[in-house]
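Here's the structure, in structure tokens; my notes come after.
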Protein chains: 2
Amino acid sequence: MKAVIFGNNQINVMETQVPGQKQGEALVKVYMAGICGTDIEIFNGYAEFSGTPGHEFAGIVEAAPGYPELLGKRIVADINCGCGECRWCRHGDARHCESRRVIGIRGINGAFAEYLSVPVKNLHFIPDSVDNLRAVFAEPLAAALEIAQQIHIKNTDRVAVLGDGKMGLLAAIALKHYTGNLLLAGRYPEKLAIAEDQRIDTVRIGRKEPDKDIARRLGQFDMVVEATGSPAGINTALALVRPKGRIIVKSTSRSPSQIDFSGVVVDEIHIVGSRCGDIDLALRFLEHRWVDVAALVEKIYPFSGFTEAFERARQKGSLKVLLDINDSGTPQSNSF
Amino acid sequence: MKAVIFGNNQINVMETQVPGQKQGEALVKVYMAGICGTDIEIFNGYAEFSGTPGHEFAGIVEAAPGYPELLGKRIVADINCGCGECRWCRHGDARHCESRRVIGIRGINGAFAEYLSVPVKNLHFIPDSVDNLRAVFAEPLAAALEIAQQIHIKNTDRVAVLGDGKMGLLAAIALKHYTGNLLLAGRYPEKLAIAEDQRIDTVRIGRKEPDKDIARRLGQFDMVVEATGSPAGINTALALVRPKGRIIVKSTSRSPSQIDFSGVVVDEIHIVGSRCGDIDLALRFLEHRWVDVAALVEKIYPFSGFTEAFERARQKGSLKVLLDINDSGTPQSNSF
């Protein structure tokens, strides 16, 4: 089969063996995969991962020794593969297992390949009404919904989402289910328009606009979601949040942030890191069409166009680039 | 009366008028005042405060127009003087009032003077069994107890307090009432001994010991209180906290911290800023002798020795330096 490997600042598409299954693993044929900001960070050296990246995907189970009921099922997957024995795994939260493998990120090959092996316990069935294109969004949408699992949001809370990238847009789309008072602040009119189409209020902020000026213009927020992808985004969030307010951090930048903690102390701010979420919850949102994720697709490429697709994903301001890996028949244009 | 003014990197003890009282204010004769790290920061330019500093004090009401019942009462005070009208003040939390004055820190003269004027609503009566020396600790002890007001601490939570300065020691002394699994990590054997005397487990960490080595040696904590006073302390806290754990930040350093937020995101860490607390709660702890704060006194100086006292307070590793401002008769040595 064909599989992508990163190495020496190069993308290599190799011919390799279809992976075998250990006890409790399923062979998944990949239909559709998404390129995430983390994949680009991995290409740049993040997490020192060597192997096949790709952790946003939808596929079908082609083999699952001991689990015949899984055969032929369309699935998405939790990306965190826990040890099964530590206190985290015993409580059903493999996301924080210290010896976890993470699909396409740490210790286990990912979905930029025709096939991959996935622990059976990580599989989630895709409802029939959710097509592959939308199912790929289950993983990042779950990460966006995770915010409301960590923090109690009241309908009257004034919430700002900073950043109109993929995570910022998904966070705004997800959080409009929790507050009636949401503002998405971003830089790209065409991306803010996607949110406007989903009846989310937006505002444009300038690339060099000082945080104080932004705060003067937008006022104070009970909660700010930092999804700019920039190490300086936390400072904008701190300028916007009210005393005793909450900042949810989604950006994983490789550069350190410079922050003045005396403001955090004096105003008793809560800062909460937020990562992966509940895949089944995300699938339910997709099944009921509570969110429209198709509008977030930049372009769908065939697997043979991976290099081109990756370049497109790396362009500043690009939306979700998808790969139709095994020619699943999803439309190749944006006319879905 | 005599009052201290900071200016041009100098301490000036001036002769000035006893302050008059506006509606709702009381004239307080200062018995005892404490020098806090914030006073040293103010001397160095923090908060751009011009006036008389000093916000930890115990005194007696000598005038209170319209409030005869206050005359002759020994008091401590909430340092945050709110506008009385904003949403914070309406909910009884002047600490976050945007136009607040803060005694000895912002817009209102403090307690390094023979007398000061304090809003009547900020006064708290000192129980008879609490002497002036101990009452001065009500303000910083309230700040230490604030941690357990912001965060639910379980008796089984493994908690580390970083820093054996005044706030670190007070935090450890306060938090032993909330968890049976507390460790104070500091640099000074003589200060760790004070905590040991109060049956708190301690550990010494080296000034240049890398955070990773400290983490390997001490293991993981459910909660870490950052009270080092150093901008790098937050990184030690991040190294020690478990996934989904909580860091309470007490340090208000004027220098920015450099932190890697990707760790905060991946491990879904909660970081909580923590400032002033509930004075009455602190007075109750002092009244019942649940805590022994007298052990934290470095030395008591007469007011005429202010400059010397301030130098002593600025020395690295010094404990609480007190000023016996109106010769209240508290012992002048450490033999209390």
Side-chain angles (χ1 to χ4, degrees), chain A residues 38 41 46-47 80 87-88 91 93 95-98 100 102 105-106 143 146 149-151 167 220 226-227 230-231 233-235 237-238 241-277, chain B residues 38 41 46-47 80 87-88 91 93 95-98 100 102 105-106 143 146 149-151 167 220 226-227 230-235 237-238 242-277:
Chain A
T38 304
E41 293 280 314
Y46 173 74
N80 295 283
R87 69 164 170 159
W88 293 104
H91 289 89
D93 184 1
R95 297 175 304 167
H96 298 294
C97 168
E98 269 194 58
R100 68 184 178 275
V102 185
I105 297 176
R106 188 201 291 182
E146 168 76 355
Q149 310 285 304
Q150 295 176 284
I151 293 269
M167 182 45 69
Q220 283 193 329
E226 198 290 283
S230 152
I234 184 71
N235 295 307
L238 283 167
V241 76
R242 68 161 169 86
K244 290 183 123 170
R246 296 162 300 172
I247 296 173
I248 314 297
V249 184
K250 277 289 182 189
S251 297
T252 54
S253 171
R254 287 203 306 152
S255 312
S257 299
Q258 280 236 349
I259 89 166
D260 168 12
F261 261 99
S262 72
V264 175
V265 171
V266 168
D267 286 339
E268 298 194 316
I269 304 300
H270 286 231
I271 300 172
V272 180
S274 177
R275 194 166 52 113
C276 303
Chain B
T38 305
E41 294 280 313
Y46 173 74
N80 295 284
R87 69 164 171 160
W88 293 103
H91 289 88
D93 184 0
R95 297 176 303 167
H96 297 295
C97 168
E98 268 193 57
R100 70 184 177 274
V102 185
I105 297 176
R106 188 200 290 181
E146 168 76 354
Q149 308 286 305
Q150 295 176 285
I151 292 268
M167 181 46 68
Q220 283 193 329
E226 198 289 283
S230 152
I234 184 71
N235 295 308
L238 283 167
R242 68 160 167 85
K244 289 184 121 171
R246 295 162 301 172
I247 296 173
I248 313 296
V249 184
K250 277 289 183 191
S251 298
T252 52
S253 172
R254 287 203 306 152
S255 313
S257 299
Q258 280 237 347
I259 89 166
D260 167 14
F261 262 98
S262 72
V264 176
V265 171
V266 168
D267 286 339
E268 297 194 317
I269 304 301
H270 286 231
I271 301 173
V272 180
S274 177
R275 194 166 53 114
C276 303

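A quick note: this is a predicted structure, and the numbers were derived from the prediction, not measured. Below, each value reflects all heavy atoms present in this structure, side chains not excepted, and no hydrogens, waters or symmetry copies. Residue numbers start from 1 in every chain, and the chains themselves are labelled A, B, ... in the order their sequence lines are given, proteins ahead of strands.
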Query raised in the report: Which atoms of Arg246(A) come close to chain B, meaning under 4.5 Å heavy atom to heavy atom: side chain ones, backbone ones, both, or neither?
Result: neither

Query raised in the report: Among all residues two or more places apart in sequence or in another chain, which pass the side chain to side chain donor-acceptor pair (under 3.5 Å) test with Ser274(A)?
Result: Gln150(A), Lys250(A)

Query raised in the report: Is it the backbone or the side chain of Glu146(B) that comes under 4.5 Å from a heavy atom of chain A, or both, or neither?
Result: side chain

Query raised in the report: Does His270(A) have any side chain to side chain donor-acceptor pair (under 3.5 Å) partners at least two apart in sequence or in another chain, and if so, which?
Result: none

Query raised in the report: Given the options Arg95(B), Glu98(B), Glu226(B), which has more heavy-atom pairs under 4.5 Å with chain A than any of the others?
Result: Arg95(B)

Requested in this report: Please name the pair of heavy atoms, one in Trp88(B) and one in His96(B), separated by the smallest distance, quoted to 0.1 Å.
Outcome: CD1-O, 3.4 Å

Query raised in the report: Does some side-chain heavy atom of Glu268(A) sit less than 4.5 Å from a side-chain heavy atom of Asp93(B)?
Result: no

Query raised in the report: Hey, is the main chain of Gln258(B) close enough, under 3.5 Å, to the side chain of Asn235(B) for a donor-acceptor pair?
Result: yes

Query - Part of Ile259(A) within contact of chain B (heavy atom distance under 4.5 Å) - result: both

Requested in this report: Please round to the nearest 0.5 Å and tell me the distance separating atom CD1 of Ile247(B) and atom CD1 of Ile151(B).
Outcome: 11.0 Å

Query raised in the report: What residue, out of Pro243(B), Pro256(B), Ser251(B), Pro231(B), has the most heavy-atom pairs lying under 4.5 Å from chain A?
Result: Pro243(B)

Report task. May I ask you to name which of Asp267(B), Ile271(B), Thr252(B) has the most heavy-atom pairs under 4.5 Å with chain A? Result -> Ile271(B)

Query raised in the report: Does any heavy atom of chain B fall under 4.5 Å from the side chain of Ile234(A), the backbone, both, or neither of them?
Result: side chain

